[in-house]
Amino acid sequence: MKIAVFAGDGIGPEVTREAVRVVEALNLPDLVMFEGDVGGVAYKRHGHPLPAETLAIARSCDAILFGAVGDPDCDQLDRHLRPEQAILGLRKELGLFANLRPAKVFAGLEDASALRPEVASKIDLLIVRELNGDVYFGEKGIRTLPDGRRQGWDVMSYAEDEVRRIAHVGFRAAMGRGKRLCSVDKANVLETSQVWRDVMIEVASEYPEVELSHMYVDNAAMQLVRNPGQFDVVVTGNLFGDILSDQASMCVGSIGLLASASLSDGKMGLYEPIHGSAPDIAGKGLANPMATILSAAMLLRHSLGLEAEAARIEAAVAKALADGIRGGDLGGNHGTAAIGDAVLERL
Ligand code: NAD
Ligand code: IPM
Ligand code: MN
């Protein structure tokens, strides 16, 4: 079992360190970890955010544990050299098209939600976000119009096969949960979304047990704070899923809690917290590593088939939270390493 560990920028190395300690504590036989540079750190050392050596490490492994990329120093670089291209490049190169972002309130954390506790306590949802298409990967550019004005442009598109494969992921996920799938789009305005919705309806005929509904993204943003308990599985495109998942994180307490899995057709997966490099708190030992620790649990489950070990890690995190271990993001004063220690003790 080979895991690539790409810690990246900002708080990436801080939170990844704790997740690695947790995985190491399991003493799994035959597990080897390989480190690689990604993001701004890789640009500074190798001149590229996703160096060929890093990609080669990724391809030789069964799974990737990813911290975060993003560095304000690099925001003026040509887009293809910016740190974010590392994560976008890995998603594309490895065909990681299905992004699972579960959001559930941990017992005892109802009062940490940005929502009222009685609303928050009902949240148990899964966002299935398409990760290889949409406006993220369309043609784009900045041009000067004949009258001299600058114009930025990005093409949004989804081909039916791209929608179909993520639809199947959504329906299968719903079959394993509450059998309700809500497809979020903007079909009242966008042709991209019309194709999305049409294909969702076509695929639904293969899953007669799943109740499919459709919601416009603006309404979904509203419903997510009004009554998040109504959602079981949400399937949506790359851009809408990016935005709604950050919003979902605050509904369950903090962005420092939300883990994710980015899966391909095979076993290869990339696992990362949904948050970024948090330059505002980087280097201070303040970041909550729980999202990354929970991402490591998803790695064990989805790429290595180690369900029992994954569940042990999740239980240790839940116990730490129930015992009052909270980072600054949750109104507490436990630092990154102290949270890692607390999870390890309970493991
Ligand atoms: P961010 O998620 O990095 O931070 C948003 C806010 O949440 C900040 O106030 C930060 O301090 C806080 N926060 C985030 N993670 C936290 C944690 N684990 N514990 C405590 N607080 C936490 O988003 P941003 O500020 O918009 O972006 C910063 C950089 O990260 C940008 O360069 C962006 O492109 C990048 N980014 C990368 C990823 C990724 O690597 N997958 C994801 C999102 C953003
Ligand atoms: C995420 C991030 C990335 C995205 C950025 C860093 C490219 O926000 O993983 O949610 O937009 O997908
Ligand atoms: Mn995001």
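Here the structure is a predicted model, which is why all the values come from computation and not from measurement. Whatever order the structure lists them in is the order used to number ligands and atoms, beginning at 1. Values below: every heavy atom of this structure, side chains too, minus hydrogens, waters and symmetry copies.
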Ligand 1-proximal atoms of Asn288, by part, heavy-atom distance under 4.0 Å: both
Exercise: identify the closest heavy-atom pair between Arg226 and Val119: O-CG1, 3.8 Å
Cation-pi geometry met for Arg129 and Tyr136 (6.0 Å, 45°): yes
Among all protein heavy atoms, pick the one closest to [atom] and tell me residue, atom and distance.
atom                    : result
atom 9 (O) of ligand 2  : Arg91 NH2, 2.7 Å
atom 1 (C) of ligand 2  : Arg101 NH2, 3.5 Å
atom 16 (C) of ligand 1 : Ile11 CD1, 3.9 Å
atom 10 (O) of ligand 2 : Asp242 OD1, 2.9 Å

Ligand 1 contact by Ile274, heavy-atom criterion under 4.0 angstrom: yes
Close approach, Pro279 and ligand 1, non-hydrogen under 4.0 angstrom: yes
In the protein, N/O/S atoms that are found under 2.8 Å from the Mn ion (ligand 3), waters not counted: Asp242 OD1
Gln230 side chain vs Asn227 backbone, donor-acceptor pair below 3.5 Å: yes
Who gets closest to [atom] by heavy atom: [options]?
atom                    : options                      : value
atom 40 (O) of ligand 1 : Val69, Val15, Leu258         : Val69
atom 9 (O) of ligand 1  : Asp71, Asp280, Leu286        : Asp280
atom 5 (C) of ligand 2  : His275, Glu272, Arg82, Glu84 : Glu84
atom 39 (C) of ligand 1 : Arg91, Met290, His275        : His275

Indicate every side-chain donor-acceptor pair of residues 26-41 with a distance under 3.5 Å to a residue at least two apart or in another chain.
residue, atom, partner, partner atom, Å
Asp37, OD1, Arg45, NH1, 2.8
Asp37, OD2, Arg45, NH1, 3.1
Asp37, OD2, His46, NE2, 2.7

Atoms in ligand 1 flagged as close to Glu84, the criterion being non-hydrogen separation under 4.0 Å: 31 (C), 32 (O), 33 (C), 34 (O)
Atoms of ligand 1 close to Asp329 [distance to a heavy atom under 4.0 angstrom, numbered from 1]: 20 (C)
Set of residues satisfying side-chain contact (heavy atoms from CB on, under 4.5 Å) with respect to Gln76, sequence neighbours excluded: none
N/O separation below 3.5 Å, Tyr136 to ligand 2: yes
Taking only distance into account, with no hydrogens and no angle test, what donor-acceptor pairs under 3.5 Å do side-chain atoms of residues 87-97 form with protein atoms, sequence neighbours excluded?
residue, atom, partner, partner atom, Å
Arg91, NH2, Glu272, OE2, 2.9
Lys92, NZ, Asn132, O, 2.6
Glu93, OE1, Arg59, NH2, 2.9

Member of Arg312, Arg301, His302 meeting the side chain to side chain donor-acceptor pair (under 3.5 Å) criterion with Glu307: Arg301
